[in-house]
Participant: 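Have a look at this one.
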There are 2 protein chains.
Amino acid sequence: MKKKQVEQDIINAAVKIFVAKGKDGARMQEIADSAGVNKMLLHYYFKDKDTLFLEVVKNINADLYGSVIEESMNTLTFQEFLSVFIDRHFNYLNERKDSFQFLLWEISRKQVDLHEIISGSNNPYGKNPFEILSDRLADAIAKEEIREVDTTEFILDLFSLDRFLFIGLPVIRGIAPMDDAELASAIERRKKEVFRLLWNDIKIN
Amino acid sequence: MKKKQVEQDIINAAVKIFVAKGKDGARMQEIADSAGVNKMLLHYYFKDKDTLFLEVVKNINADLYGSVIEESMNTLTFQEFLSVFIDRHFNYLNERKDSFQFLLWEISRKQVDLHEIISGSNNPYGKNPFEILSDRLADAIAKEEIREVDTTEFILDLFSLDRFLFIGLPVIRGIAPMDDAELASAIERRKKEVFRLLWNDIKIN
DNA sequence: GTCTATAATTCGATAGAC
DNA sequence: GTCTATCGAATTATAGAC
């Protein structure tokens, strides 16, 4: 079912404003202005602010299921796989850092019911990244490509190291301003460092 | 200069409500009710919402300078120091996880001017944790207790690994509920894992 | 479907009595 | 200093014309 142009314009504007201001800080008028439509139309198409907010969260969530893991990565050795995963994961998180922070905030304020979001979304990739990584790890251990690792702890290590830079970025930038070029080079350094640290930890010899 | 009881009650209540709801979501009436005072008194003592909010941020920030590093840790080997630091850091973050998330959110929404906060606060411990860790690392390298590491990357690794559990907790709890006892044991597992990973990476033999 | 006008409500802030 | 009462602005939501 294809959405009308106006409807889509409103959703796009709503995503932008809600992510920038949060649910409580966002104003219906500002969303209407940003979408270039009459404020009344927001209510015509989406009833009220709560309904529009839910629509926004669903849209953002759907985008977060775009996986960093592709079929083509199946043939890689685990060492190669890990390197490619980290590279793609950093890029993926960098492009969605604001969405992640927004969701994290609204989830912890209980403005978002995770179960409703998750059950309602058809993850087009079937398994989630956690499951795929678990399988790949178990496989590499069986093939003796890596030592026996605790899967949960390893994935927590990996996610921690990948995500922190983006989470702390607003603070870092508030203290020591950093332009996009500097951020890009910091990201590249982190990719190398995270791979080095984790691979050294799990490689066999 | 000692604050009156009423004034302090208002600040305590304001910290609670602002952290729970965010600046935009917090209501002056709710703060007054929580403090058990008439709403008008908030304006009498703090003029307006912005001023009260700034007071709250200053209070929270002051609490964040309580260092996890004590004098007594100076005599430890670096291996012992790292272990103790991680242990104390996890406990410290666990007690302040909501405050951290609140500040992170408001800073990125530009509701908080970091320079105003930092310059206005007398850090009673002189150096910040980043500086202390840098010094300690340089010292350990000079004494050949650990290999030559890139100080910035090592500290980013450490902070990433320490903080992520608490940042992601609202999501984890939203999907798979976890009571305080389970959280406590997860924290203990993470302390061990983070120390193991980092120490293996930097030890010499 | 889209607009103008406005109702209804919430909320921060203030006036003024005590 | 503290309270009651209330103002006025901001904001969501709706009524009704076109």
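Lettering of chains follows the sequences in order, A, B, ..., and the numbering in each one begins at 1. Because the structure is a prediction, the values reported are computed rather than measured.
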Participant: Can you pull the ring pair (Phe, Tyr, Trp, His ring centres under 6.0 Å) pairs that have at least one residue in residues 156-185 of chain A, sequence neighbours excluded?
Facilitator: A/His89-A/Phe159, A/Phe90-A/Phe166
Participant: Could you label the plane-to-plane angle of the B/Phe78 and B/Phe81 rings as parallel, tilted or perpendicular, counting under 30° as parallel and over 60° as perpendicular?
Facilitator: tilted
Participant: What is the per-nucleotide protein-contact pattern of nucleotides 1-13 of chain C, from the 5' end, where B denotes a base atom under 4.0 Å from a protein heavy atom, S denotes such proximity for sugar-phosphate atoms only, and - denotes neither?
Facilitator: BBBB------SBB
Participant: With the side chain counted from C-beta on, respond yes when A/Met28 and A/Lys49 share a heavy-atom pair under 4.5 Å apart, and no when they do not.
Facilitator: yes
Participant: Could you check whether the rings of B/Trp105 and A/Phe102 sit parallel, tilted or perpendicular, using 30° and 60° as the cut-offs?
Facilitator: tilted
Participant: Show every side chain to side chain donor-acceptor pair (under 3.5 Å) that has at least one partner inside residues 132-142 of chain A, sequence neighbours left out.
Facilitator: A/Lys127-A/Asp135, A/Asp139-A/Lys143
